[in-house]
2 protein chains.
Amino acid sequence: MSPEKVIIAIVDDHPVVIQGLKSMLQNDQFFYIAGTFIDGKGILNFIRSNAVDIILLDITLPDTNGIELCKEIKRKTPHTSVIMISNRSERSIIMQCIQNGASGYLLKNATMNELTASIHGALSGNIVFSEEVKEIISKPSVKELIGFPRLTKREKEILKMVTEGKTSVMIADELFLSPLTIDTHRKNLMHKFGVNNTAELIKIAIQQNMI
Amino acid sequence: MSPEKVIIAIVDDHPVVIQGLKSMLQNDQFFYIAGTFIDGKGILNFIRSNAVDIILLDITLPDTNGIELCKEIKRKTPHTSVIMISNRSERSIIMQCIQNGASGYLLKNATMNELTASIHGALSGNIVFSEEVKEIISKPSVKELIGFPRLTKREKEILKMVTEGKTSVMIADELFLSPLTIDTHRKNLMHKFGVNNTAELIKIAIQQNMI
DNA sequence: TTTTTTCTACCTAATTTTAGGTATTTGATT
DNA sequence: AATCAAATACCTAAAATTAGGTAGAAAAAA
C-alpha cells in the first residue's frame, strides 16, 4: 500500500451495503479499504491498533447505535474522520451526529459522486452533507427550533424504561437504586423537556427518536 | 450472453445497495444482470420488452411501494420471480408480499450465501426466506395475535387527549364531563390494550398509529 | 488539581392515577 | 318494544406521580 492512499474503514450491519461501498470505492486508486465491520465492537477493536483516516459509519448497528459509537471513536482517535451513512432523515438525528463529532452525513440513496466528494471534503476538514441532507438541515421545524435538551446517560436509560411502562419502583429494582433517585431523574427529565407529566414526556421522546 | 444464464434485474433506490448486489452477483458466472432501476416506473417499463427471470425488489421506493409493485409485476409477467429485499421486519409486511406473489423475502442484512441460495431456490419454484425472516414468520407476536382493539369514538378522543399530556380533570373540563367519567374511559382503554399505566398506553397508541 | 457535572438519596405534601367494582341514561339495532 | 353497545357517573382505597426543595459522593472536564 502506498502511503498517500486514504485509509478507510466501513461499519455497517448489512453485507450488501458493505459490498456496495467497497466496490464503489475500489474504483478510486486513492482509496484503501483497511477493513469492514458489522458492529461497534469490531471497529473499536480495530482502531486500537490501526490508523484510519475515514470511517464510514451506519447509524443502526446490532450492538450499539452509530451516534454513540461516533462519539466513542472521536474520543479515542480524534484525528479519524467519521462520515455517517444512514437512511434516517430526521433532523434531530443528523444534528446529534454532528454534535458528536461526525464530519458528514449521507443518506443511503447518495450517489457515488456524493460519496467520493464527501470523503475528500472530510479529509480537507469540512463537514459534508449529501444534497438531500443539506435541504433537511437548512429548514429547521418549529418544534426542533427549541432544540432538545442534552440528556445524561442515566437519564436516557431511565427515559427508555419509563416509556416501557415501568414504574419508579420497578426501575429502581432493576438498576439497584432507590426509588427516590428514579423520581429525581424523572423530575429532571420533565424539567429538561419542559413538561408536567409522563404522558408528554413519552410523546416527545418518541417523536424526537430519543428512545 | 449465453442463454443458460439467470437474467436478473435489481430495483432499489439506494445506489450503494444496487452496487453491492451487483458486485455480489457478478462473482457468479450463472447470473446475468440485465438492468438496475431506482424506481417502479423503470422496472415496469423494462419488463415490457425484456424477459427477466428474477427481480430483486426493495420495499421502499420513491414512486411506489414494493408490495404493490410486486403485485403489478406478477400480473404482467407471472413467469418472473420476485424476491423482496427489505430492512422492514414486520410480519404483516412479509405476509403481504407473499400474498402478492413474491417468491422470497430477505432482510438487508442477508449474507451473500443467503442471496445466491435464495435466487436458486426461487428459480426452482420455492418460496425462500433468510434465516431471520424464517424466525419472524414462525412466531406471530403477541401483539399481532390479539390484534389491536376496536375503540369507540369517545375512547379515541380521550386517548388522543391523554397522549397530549392532559390530566383527567383537564379533559373533563374540555369535554364538559365528570372527571370520573374520564377515569372510566381511561380504565377501559387500558383494559382493551392490556396495559397497566398511561406510559404503556401511549407507547402502544403511537406505535399502532392510533393517534 | 480544581471545577463542574452527574449521580445518588432524602424530606414533605399535594395531586393524579389505578383497581376493584356498580349503575343509570342515551342511541342505535333488531 | 326489547335489546345491546356506548357513554355517563359514582364509591372506596391503594399506588404512583409530581412539585418544591436540599445535599453528599463520584466522575468527568478544564
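Just so we're clear, the structure is a prediction, and the values are computed from it rather than from any experiment.
The distance from atom CD of B:Glu155 to atom P of D:dA7 is 6 Å, rounded to the nearest whole Å. Rounding to whole angstrom units, CG of residue B:Leu177 and P of D:dT8 are separated by 5 Å. Straight-line distance from the CG atom of A:Asn196 to the P atom of C:dT17: 12 Å, rounded to whole Å. What separates CG of A:Leu201 from P of D:dT18 is a distance of 8 Å, to the nearest Å. Atom NZ in A:Lys187 sits roughly 17 Å away from atom P in C:dT6 (whole-Å rounding). For the pair A:Ile182 CD1 and D:dA15 C1', the computed distance is 17 Å after rounding to whole Å. Here the C1' atom of nucleotide D:dT18 and the CZ atom of A:Phe193 are 17 Å apart, to the nearest Å. One atom, CG of A:Asp183, and another, C1' of C:dC11, lie 12 Å apart when rounded to the nearest Å.
Between B:Lys108 and B:Asp12 a salt bridge is recorded (basic side-chain N to carboxylate O distance below 4.0 Å). One finds a salt bridge joining A:Glu72 and A:Lys76 here, because a Lys/Arg side-chain nitrogen approaches an Asp/Glu carboxylate oxygen to under 4.0 Å.
Screening A:Thr163, A:Asn197, A:Leu159 for a side chain to side chain contact (heavy atoms under 4.5 Å, CB included) involving A:Ile202 leaves a single residue, A:Thr163. Residue A:Glu155 is tested with A:Arg186, A:Lys192, A:Lys160 for a salt bridge (Lys or Arg N to Asp or Glu O under 4.0 Å); the sole match is A:Lys192.
With distances taken from any side-chain atom of B:Thr184 to the nucleotides D:dT8, D:dT17, D:dG21, the minimum falls on D:dT8. Of the listed nucleotides (D:dA7, C:dC10, C:dT16), D:dA7 has the atom at the smallest distance from the side chain of B:His185. In this structure, the nucleotide among C:dC7, D:dT17, D:dA7 sitting nearest to the side chain of A:Ser168 is D:dT17. Side chain of B:Arg154, nearest nucleotide from C:dT18, D:dA7, D:dA19: D:dA7. For B:Lys153, the listed nucleotide lying nearest its side chain is D:dA7; candidates were D:dA7, C:dA9, D:dA19. Comparing D:dA19, D:dA16, C:dT18 by their closest approach to the side chain of A:Thr167 singles out D:dA16. Distance from the side chain of B:Thr198 is smallest for C:dT18 among the nucleotides C:dT18, D:dA19, C:dA9.
Atom CD of B:Gln26 sits about 7.5 Å away from atom OG of A:Ser23, to the nearest 0.5 Å.
Here the side chain of A:Thr77 pairs a donor or acceptor atom with the backbone of A:Ile73 at under 3.5 angstrom. Looking at A:Ser86, its side chain does come within 3.5 Å of a backbone N or O of A:Arg88 through a donor-acceptor pair.
Five base pairs at each end of the helix from C:dT1-D:dA30 to C:dT30-D:dA1 define two local axes, and these are offset by 60° (rounded to 10°).
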Working note: B:Glu200 + B:Lys203, criterion salt bridge (Lys or Arg N to Asp or Glu O under 4.0 Å); need CA distance, chi angles, decisive distance, verdict. CA-CA 5 Å; B:Glu200 287 179 279; B:Lys203 201 183 74 166; over 6 Å; no

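Counting atom types as modelled, A:Thr152 pairs no side-chain N or O with a base atom of C:dC7 as donor and acceptor under 3.5 Å.
For A:Ser178, a side-chain nitrogen or oxygen approaches OP1 or OP2 of C:dC10 to under 4.0 Å. One finds no side-chain N or O of B:Thr181 lying less than 4.0 angstrom from the OP1 or OP2 phosphate oxygen of D:dT8.
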